[in-house]
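Below you'll find the structure, written out as structure tokens, and then a few comments.
Throughout, residue positions are numbered sequentially from 1 according to the sequence presented.
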Amino acid sequence: MDTELGNKNEPDQQQNKKHMKAFLVFLNCMLMAVGQVAGPLLVRIYYLHGGKSNWLGAWLLTAGFPILIIPIAISYIRARARAQAGRLLVTPWLFSASVILGLLLGLDSYLYSFGMSYLPVSVSSILGSSQLAFTAIFAYIVVKHKFTHYSINAVVLMTFGSVILGFHMNGDRPRGESKGKYILGFFMTIGGAALHGFLMPALEFTYLKAGKAITFELVLQVQFLISMFATLFCSIPMIINKDFKAISKEAAEFGLGETKYYTILLIAAIVLQLLVIGSLGVIFNSSSLLGGLVSSLLVPVQQAFAVIILKEVFNAEKGMALAMCLWGFASYLYGEYQKPEANKEESTH
């Protein structure tokens, strides 16, 4: 009798796990949405009104990592309540991988920050969406995700979208900005997208090779370490360049006022950390490919807010590049949707 009840409860437990996983994926996607839309806008506002430090812009991406102490502490308290000793779950392999990934994330943050200092959000967001193409390539190399003609189509389309923007640089260059700096910002953003495209499957590979069960508590600790080392990577150049000492002077000369300067930096640090948490959470609960898909899907939202809030011009070239980006996204998404059907057909033969 007890065995029968246990067997009946198993499907319910599996269903609950599926629902919880779907909820966590949705929650992390929402965190990504808030961070990816609000973060670049705030950083661009910082640059438009007198901000000059690219390293400070990069530092903001991960400097909010101390907020992770709250969920880590809650997890620790819950473990103690269940009479389980709260402990460091990170293995030497995970710690070493977190250090490397953190340093690479710091470099990636600088590349994006440099691009945002010279490019309108409407341009940098489209260029940044090319990370999906890089994610697909590196996911194939690092974690052996299979290439399909849909994913190849997506890579080609997104590449063409970036090329279209590249051929029309002069018409979108902000007033007073040199062509050299605009071109440099363009390629730094492409470089940031490429590095980000590598980081996502690299983190997925790290989880696969962890040698232990990947729990929510473990993911929080890994996130904390990655963000901490990324922040340290950006802090060292800031100390050398005396950027921390220059913050008070920069705040006093900021175009929107000193109070709004600190408010922008604080909110940017928080929402950008939400972006990091959401990205890592999506990889934990699903895959690096879904993270790339969600990031690309948010590009039209970024475009809309850039036009509304920053009064950026949305010209025909941007429209064509965005259309190619969305076409590539739709192609990739359709290919992913078709995979289960293909697997079903193969299993019946």
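- Between the Tyr46 side chain and the Ser53 main chain, a donor and an acceptor come within less than 3.5 Å of each other.
- Remark: Phe198 CZ is loosely packed, at most 12 non-hydrogen atoms of other residues, nucleotides or ligands lying under 6.0 Å away.
- For the pair Thr91 and Lys212, the tightest heavy-atom approach, listed with the atom from each and the gap, is CG2-CD, 3.5 Å.
- A distance of 8.5 Å separates OG1 in Thr206 from CD1 in Ile100, rounded to the nearest 0.5 Å.
- Connection of Ile267 to Ile270 is not established within any shared hydrophobic cluster, with ILVMFWY side chains joined at heavy-atom distances below 4.5 Å, either directly or through further cluster members.
- Cluster membership check: Leu310 shares its hydrophobic cluster with Leu265, using side-chain heavy-atom separations under 4.5 Å among Ile, Leu, Val, Met, Phe, Trp and Tyr.
- For the pair Gly128 and Ala193, the tightest heavy-atom approach, listed with the atom from each and the gap, is O-CB, 3.9 Å.
- Annotation: the span from Ile226 atom CD1 to Ile277 atom CD1 amounts to 12.0 Å, rounded to 0.5 Å.
- At distances below 3.5 Å, at least one donor-acceptor pair connects side-chain atoms of Gln302 with backbone N or O atoms of Gln36.
- Side-chain atoms of Ile45 and Leu256, non-hydrogen and from C-beta on, do get closer than 4.5 Å to each other.
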Open item on the list: Applying side chain to side chain contact (heavy atoms under 4.5 Å, CB included) to Leu101 and Val222, what does each step give before you reach the verdict?
Closed with: CA-CA 10 Å; Leu101 291 173; Val222 170; over 6 Å; no
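- One hydrophobic cluster holds both Met228 and Ile67 under the rule that ILVMFWY side chains link at heavy-atom gaps under 4.5 Å.
- Side-chain contact between Leu218 and Val90 is present, with at least one heavy-atom pair separated by less than 4.5 Å.
- For the residue pair Ser124 / Tyr118, no side-chain donor-acceptor distance below 3.5 Å is found, with atom types taken as modelled.
- A distance of 13.0 Å separates CG of Leu195 from CD1 of Ile190, quoted to the nearest 0.5 Å.
- In this structure, Leu56 and Tyr261 approach most closely via the heavy-atom pair CD2-OH, 3.8 Å.
- Other residues, nucleotides and ligands place more than 12 heavy atoms under 6.0 Å from the CE atom of Met238.
- Atoms CH2 and NZ, on Trp93 and Lys209 in that order, are 8.0 Å from each other to the nearest 0.5 Å.
- In terms of modelled atom types and a separation under 3.5 Å, the side chain of Ser96 and the main chain of Pro92 share a donor-acceptor contact.
- Contact check for Phe95 versus Val99: side-chain heavy atoms found under the 4.5 Å cut-off.
- Closest of all the heavy-atom pairs between Leu61 and Val276 is O-CG2, 3.8 Å.
- Contact between Ala210 and Leu94 at its shortest, heavy atoms only, is CB-CD2, 4.0 Å.
- Heavy atoms only, all atoms of each residue included: Ser227 and Gln273 are closest at OG-NE2, 3.3 Å.
- Of the possible donor and acceptor atoms, none in the side chain of Lys311 sits under 3.5 Å from a partner among the backbone N and O of Ile309.
- Residue Ile264 holds its CD1 atom at 11.0 Å from OG1 of Thr259, rounded to the nearest 0.5 Å.
- Within the 4.5 Å cutoff, the side chain of Met188 has heavy atoms near those of the Tyr110 side chain.
- Relative ring orientation between Tyr112 and His196 is described as perpendicular, the plane-to-plane angle rising above 60° on a 0-90° scale split at 30° and 60°.
- In the hydrophobic cluster analysis, where Ile, Leu, Val, Met, Phe, Trp and Tyr join through side-chain heavy atoms closer than 4.5 angstrom, Ile77 is grouped apart from Phe224.
- Here the CZ-NE2 distance, from Arg44 to His49, works out to 10.0 Å after rounding to the nearest 0.5 Å.
- Atom CZ of Phe305 has 12 or fewer neighbouring heavy atoms from other residues, nucleotides or ligands inside a 6.0 Å radius.
- Distance alone, capped at 3.5 Å, places no donor-acceptor pair between the Asp108 side chain and the Leu104 backbone.
- Between the side chains of Ser113 and Trp55, no donor-acceptor pair of N or O atoms lies under 3.5 Å.
- In this structure, Val43 is a member of the same hydrophobic cluster as Phe244, with clusters built from ILVMFWY side-chain heavy atoms closer than 4.5 Å.
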